[in-house]
Amino acid sequence: MPDGSVRTYARGTTGAEVAASIAKSLAKAALAVKVDGAVRDLALPIERDASLEIVTDKSPDSLELIRHDAAHVMAEAVQSLYPGTQVTIGPAIANGFYYDFARDEPFTPDDLVKIEAKMHEIVNANAPFTREVWDRDEAIRHFLSIGEKYKAEIIRDLPGTETITIYRQGQWYDLCRGPHLPSTGRVGHAFKLMKVAGAYWRGDHRNPMLQRIYGTAWRTEKELAEYLHQLEEAEKRDHRRLGKEMDLFHVQEEAAGSVFWHPKGWTLYRTLERYIRAKLDHAGYVEVRTPQLYDSSLFKASGHWDMYGDNMFKIRESVAEDGTEKLLGVKPMNCPAHVQIFRQGLKSYRDLPIRMAEFGNCHRNEPSGALHGILRVRNFTQDDAHIFCTEEQVPDEAAQYFKLQLGVYKDLGFDRIAVKLALRPDVRAGSDEVWDKAEEGLRQALRANGLEFEELPGEGAFYGPKVEFHLTDAIGRSWQCGTLQLDFVLPERLDASYIGQDGARHRPVMLHRAILGSFERFIGMMIEHYAGKFPLWLAPVQAVVATIVSDADPWAAEVAAACRKAGLRVEADTRNEKINLKVREHSLSKVPVMLVVGGREAENRTVAIRRLGSQQQEVLALDAAIANLIAEARPPAGGDSIDSAF
RNA sequence: GCUGCCGUAGCUCAGUCGGUAGAGCGCGUCCUUGGUAAGGACGAGGUCGUUGGUUCGAUUCCAAUCGGCAGCACCA
């Protein structure tokens with residue numbers, strides 16, 4: 001037992017019986033039993049010695065049970081309301097559950113209301129969940145006979161060793177591995193259906209599209225209410241909303257997937273660019289600039305034309321008399337271009353590593369459904385670099401990259417980063433031996449730097465595996481930002497070489513790496529992370545000088561000018577409005593500092609400083625105020641000072 | 001790209017069971033000079049995403065198309 005005690009029972013005693021033998025209240029509260037760490041039905045006989053824990057609604061495991069069972073309850077509700085609908089799969093997920101249905105008619109928002117009402121009825125009926133073991137072939141035949149093709153297919157594809165189990169709840173039953181709660185009543189009423197969306201059968205776009213209904217489910221109404229409130233709060237930090245409210249950028253349909261940066265947004269962009277450029281300068285990078293358009297021959301040589309061509313923008317430059325077209329490609333990546341610079345002149349092993357950086361503007365023809373605010377766009381600028389080095393230099397370069405990368409994320413306020421290692425995709429260039437070497441190289445680099453990571457088979461770039469640094473946006477979606485990719489393929493395909501110590505030509509290794517990923521995506525993430533309330537050094541408008549009376553206008557102008565001269569981004573608000581309105585408006589637009597000046601300040605040559613989110617005022621002489629603000633507005637320096645670069 | 005929903009003033013949205021539209025905020029003018037989250041009055045603003053069809057008549061119904069949102073698929 002969890003408290004360390006040992007209890008003895010006859011073989012075949014159920015979890016329910018164990019709970020009952022301990023306490024009546026425990027028997028009542030019991031939802032499932034954890035046998036050697038695996039959650040199982042309360043009614044299942046326990047056949048051997050094991051560590052045992054009774055799962056109640058207090059335990060974290062209960063949420064998953066509630067959500068999974070809510071999916072079953074929803075499936076029953078749907079089939080009773082819409083006969084002929086086929087059921088497929090319905091798992092518990094973060095914050096809730098979903099179930100995929102096959103039905104010709106779409107579910108409408110009204111349908112969701114009806115389904116939800118039906119679910120409450122089913123919960124109230126409190127039918128016990130009962131488990132049955134079926135013969136495999138019989139199960140397939142049965143599900144086919146009642147028109148459940150998908151269920152039959154699931155069983156057919158289960159490994160032969162798998163026990164086929166059916167769970168009943170009243171009249172309704174479903175193929176399911178379990179475990180389940182004792183009865184539908186235990187699901188409770190703290191659930192809500194959220195949305196309907198399409199989802200491909202088995203996640204493959206070649207398969208038919210099913211209708212997925214998403215729901216959220218919690219232990220108590222209070223938890224549900226908190227979750228819904230949290231969603232509302234998250235919406236307020238959404239970069240698309242804040243981008244508009246704060247006048248940072250916009251997108252419009254004539255340039256779908258591209259960003260119009262407004263003055264304030266562009267100031268933010270340039271501030272970030274200046275920061276990261278200083279970081280790169282200090283880390284031994286050289287910066288370059290390369291063209292947007294290239295003849296198709298370059299992308300054919302690199303492999304992009306074949307492997308990535310569907311996502312590239314192609315332009316017909318001319319048509320020859322014989323009808324052959326000359327095609328140009330807009331670069332989707334900077335790597336082929338950087339190899340061209342590397343290839344100019346002979347390179348010696350003494351030149352390596354070369355860390356070639358570019359704030360490279362790329363275009364990718366992303367599927368329309370993939371576009372999302374400024375987080376997923378068709379035109380973006382990467383803080384890209386390619387490190388040309390020898391194989392021996394890889395571990396050290398990787399370590400330096402990780403240090404730089406993590407330092408930047410820390411400076412910018414991100415402490416929760418998910419690290420993933422994306423392995424070879426189906427469509428790829430290079431031999432399996434080369435991939436083995438590259439994948440193992442990155443694994444070791446990660447381990448050597450003490451980074452915990454998750455492996456993602458099949459997700460790598462066509463030329464190499466990649467380490468991905470993921471950040472989570474306001475609505476819980478995960479986005480790849482930084483990346484480190486180890487590439488033995490492109491140097492070969494684009495014939496990059498250096499002269500080694502032995503006087504012979506050798507292939508360099510290429511490390512593709514980005515820290516922010518793209519400015520667009522990263523700024524979107526920063527907006528959400530800070531909810532628009534940027535630290536002083538990043539804020540597009542650092543302070544507003546607001547007048548109380550028009551007599552203070554000249555002093556306000558003087559204050560603003562002095563601030564700007566000192567390098568601060570300051571605006572003056574001398575409108576004929578009350579100070580209440582000015583404070584409100586600049587607070588809503590998230591300006592970090594207000595310098596309020598009225599008659600007293602004008603007379604004494606002072607300013608009243610008011611910080612965003614605080615009601616307190618601090619009256620200071622102008623010089624002192626500026627000195628304070630300048631100190632505060634200095635970008636984070638990290639380990640090595642980057643002041644000189646500013 | 002796929003499924004569903006959506007597209008009305010600068011913004012957020014209401015509305016028209018087919019007879020060319022309305023609110024709040026914002027904007028402009030005027031009054032107000034007010035000490036830390038909305039002072040007041042008046043006024044201007046829209047061929048209802050685009051194209052086609054049905055109709056005497058379309059913002060409203062239908063279709064196509066473009067874009068947005070959610071999810072899926074994709075994401076070098």
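Scope of the values below: all heavy atoms of this structure, side chains included, with no hydrogens, waters or symmetry mates. Below, read A as the first sequence line, B as the second, and so on, with proteins coming before strands; counting in each chain starts at 1.
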Practice task
I would like to know whether Tyr82(A) and Asp111(A) meet side chain to side chain donor-acceptor pair (under 3.5 Å); could you show each step before the answer?
Solution key: CA-CA 10 Å; Tyr82(A) 310 98; Asp111(A) 292 336; 2.9 Å; yes
Practice task
I would like to know whether Gln485(A) and Tyr463(A) meet side chain to side chain donor-acceptor pair (under 3.5 Å); could you show each step before the answer?
Solution key: CA-CA 9 Å; Gln485(A) 308 172 7; Tyr463(A) 50 75; 2.5 Å; yes
Practice task
Scan nucleotides 69-74 of chain B nucleotide by nucleotide, 5' to 3', and note B when protein non-hydrogen atoms come under 4.0 Å of the base, S if they reach only the sugar-phosphate, - if neither.
Solution key: SSBBBB
Handout entry: nucleotides 34-42 of chain B: protein proximity per nucleotide (B base, S sugar-phosphate only, - neither; heavy atom, under 4.0 Å)
Key = BBBBBB---
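With respect to Glu116(A) and Lys192(A), no salt bridge is recorded, no charged nitrogen being found less than 4.0 Å from a carboxylate O. Using a 4.0 Å cut-off between a side-chain N of Lys or Arg and a carboxylate O of Asp or Glu, Arg575(A) and Glu585(A) qualify as a salt bridge. Salt bridge Glu528(A)/Lys533(A): absent, no basic N to carboxylate O contact under 4.0 Å. Ion pairing between a basic and an acidic side chain is recognised when a charged N comes within 4.0 Å of a carboxylate O; Asp436(A) and Arg424(A) show such pairing. Using a cut-off of 4.0 Å between Lys/Arg side-chain N and Asp/Glu carboxylate O, Arg355(A) and Glu397(A) are scored as salt-bridged. A salt bridge does not link Glu64(A) with Arg67(A): every distance from a Lys NZ or Arg NE/NH1/NH2 to an Asp or Glu carboxylate oxygen is 4.0 Å or more. For Arg605(A) and Glu558(A), the salt-bridge test passes: some basic side-chain N is under 4.0 Å from an acidic carboxylate O. Under the 4.0 Å criterion applied to side-chain N and carboxylate O atoms, Glu233(A) and Arg237(A) are not assigned as salt-bridge partners.
Counting only N and O atoms by type, the side chains of His250(A) and Gln252(A) include a donor and acceptor under 3.5 Å apart.
Of the options Lys420(A), Gln382(A), Lys466(A), Gln405(A), a side chain to side chain contact (heavy atoms under 4.5 Å, CB included) to Thr483(A) is made by Lys466(A) and by none of the others.
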Mind listing the N/O atom pairs, protein and nucleotides 49-51 of chain B, below 3.5 Å?
none

Give me, pair by pair, the N or O atoms of the protein and of nucleotides 9-12 of chain B that are less than 3.5 Å apart, along with how far apart they are.
from, atom 1, to, atom 2, distance (Å)
U12(B), OP1, Lys244(A), NZ, 2.8

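At a threshold of 4.0 angstrom between heavy atoms, the contacts of Glu254(A) with the nucleic acid are absent.
One interatomic measurement links the two molecules: CG of Leu193(A) to P of C5(B), which rounds to 17 Å at whole-angstrom precision. The distance from atom CD of Glu603(A) to atom P of U33(B) is 20 Å, rounded to the nearest whole Å.
Both Glu459(A) and Ser368(A) lie near RNA chain B, and the one whose nearest nucleotide falls closer to the 5' end is Ser368(A).
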Problem - Secondary structure of RNA chain B in dot-bracket form (Watson-Crick or G-U wobble, distances below 3.5 Å, | marking inter-strand pairs) - result: (((((((..((((.....[..)))).(((((.......))))).....(((((..]....))))))))))))....
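Ring geometry, His72(A) versus His68(A): the interplanar angle exceeds 60°, so the pair is classed perpendicular (tilted spans 30 to 60°).
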Distance-only check: which donor-acceptor pairs under 3.5 Å involve side-chain atoms of residues 194-203 of chain A, not counting sequence neighbours?
from, atom 1, to, atom 2, distance (Å)
Trp201(A), NE1, Glu153(A), OE2, 3.4
Arg202(A), NH1, Asp157(A), OD2, 2.5

